[in-house]
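Below: the structure, in structure tokens.
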Number of protein chains: 2
Amino acid sequence: MSKDAIREAGLKLTKPRAMILEVFEQSPEKHHSVEDVHKELLERGHDIGLGTIYRVLTQFEVAGLVKRLNFEGGYAVFELKSNSHHDHMVCLECGRIYEFVDSEIEEIQERIANERGFRLLDHSHLMQGYCWYCREKNQ
Amino acid sequence: MSKDAIREAGLKLTKPRAMILEVFEQSPEKHHSVEDVHKELLERGHDIGLGTIYRVLTQFEVAGLVKRLNFEGGYAVFELKSNSHHDHMVCLECGRIYEFVDSEIEEIQERIANERGFRLLDHSHLMQGYCWYCREKNQ
DNA sequence: CTAATTGCAAAAGCTTTGCAGCGCA
DNA sequence: TGCGCTGCAAAGCTTTTGCAATTAG
């Protein structure tokens, strides 16, 4: 259970932390900015300070519960850290975020890093364009 | 010549714009934050306002003269837009930025986008880790 | 009970913007 | 000369932080 994960991270199981995690687990959306989380919590009747959300999400990130994504736009977006790695495609028109994985790309990446003596720890691969729903509007 | 490019972009060839472009053309470093450019210009004896540098680099970006890179860190980095596309590896220890290209990855990307009905316009592929010079320090 | 956590508000970065004066064409 | 450009400083955003009050264990 996810609440155990909070404790296992050495964090106290507080109301704010539990509710923030719930937003990620219960919302149909997978990706949330801090603002998103804040609004969602307000709609659920929980007025949690922005500062707390920033702090908690950073703690969750360190604990490996969530992943911070730095798309353009000047603000961070978080997603629940699933066990399966994936990369992202973002629609420049509607903002929808799609996920993709390709083992071949992952392998080539590793190979390139190795060839250069680079110890690969992480990567972010983002494709930007227009999704199926928005293509027509932009030809 | 690069100064023509400024004019071709419909921009007046002013001192600030010419000097900012020079920093990119003459510096051994390929990647510069706005702060970098500002300091470099100061060292060359040109005190150009930060606001101007932000404005000019944005205009250069629109004109296709430079590319804005959004690595993590909360600030943008710019590079001269060469004719050859490439992606980046950044060392988490020393901050050095390396470039790489792989045609196979590019192809697979296209294929994935097509399969999903996604019109691919751009992408950013960033590998993070420790470079050859810094590996030892971090095992 | 005690240390961890939250709320609030202030402050810190990076970036944008308004406006008066300056400079290129 | 006229419009575009720059400088300066103010303001905008996202994110961080200090501190007193609150709460989990």
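Naming: A, B, ... by sequence-line order, numbering from 1 per chain. FYI, side chains are in, hydrogens and waters are out, and symmetry mates aren't considered; it's all heavy atoms of this structure.
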**OP:** For DNA chain D, find the residues of residues 40-79 of chain A with a heavy-atom distance under 4.0 Å and give them by number; none if there aren't any.
**Re:** Gly51(A), Tyr54(A), Arg55(A), Gly74(A), Tyr75(A), Ala76(A)
Subject >> Any donor-acceptor pair under 3.5 Å from Arg17(A) side chain to Lys12(A) backbone >> reply: yes
**OP:** Send over the distance from His38(B) NE2 to dT16(C) C1', rounded to a whole Å.
**Re:** 16 Å
**OP:** Give the other cluster members for Ile105(B), using side-chain heavy-atom distances under 4.5 Å between Ile, Leu, Val, Met, Phe, Trp and Tyr residues; answer none if it is isolated.
**Re:** Met89(A), Tyr98(A), Phe100(A), Ile105(A), Ile108(A), Ile112(A), Phe118(A), Leu120(A), Met127(A), Trp132(A), Tyr133(A), Met89(B), Tyr98(B), Phe100(B), Ile108(B), Ile112(B), Phe118(B), Leu120(B), Met127(B), Trp132(B), Tyr133(B)
Original post:
Which whole-number value in Å describes the distance from Arg17(A) CZ to dT23(D) P?
Top reply: 15 Å
Original post:
Salt bridge between Glu115(B) and Arg111(B), side-chain N to carboxylate O under 4.0 Å?
Top reply: yes
Original post:
Can we say Glu43(A) and Lys39(A) salt-bridge, meaning some charged N sits less than 4.0 Å from an Asp/Glu carboxylate O?
Top reply: no
Original post:
Judged by modelled atom types alone, do Asp36(A) and His31(A) share a side-chain donor-acceptor pair under 3.5 Å?
Top reply: no
Subject >> Residue among Arg68(B), Glu29(B), His88(B) satisfying side chain to side chain contact (heavy atoms under 4.5 Å, CB included) with Glu79(B) >> reply: His88(B)
**OP:** Report, as a single string ordered 5' to 3', how protein heavy atoms within less than 4.0 Å touch nucleotides 20-25 of chain C: B base, S sugar-phosphate only, - not at all.
**Re:** ---BBS
Subject >> Distance flag, aromatic centroids of His85(B) and His125(B), threshold under 6.0 Å >> reply: no
**OP:** Mind checking the CD-CD spacing from Glu104(A) to Glu107(B)? Nearest 0.5 Å is all I need.
**Re:** 9.5 Å
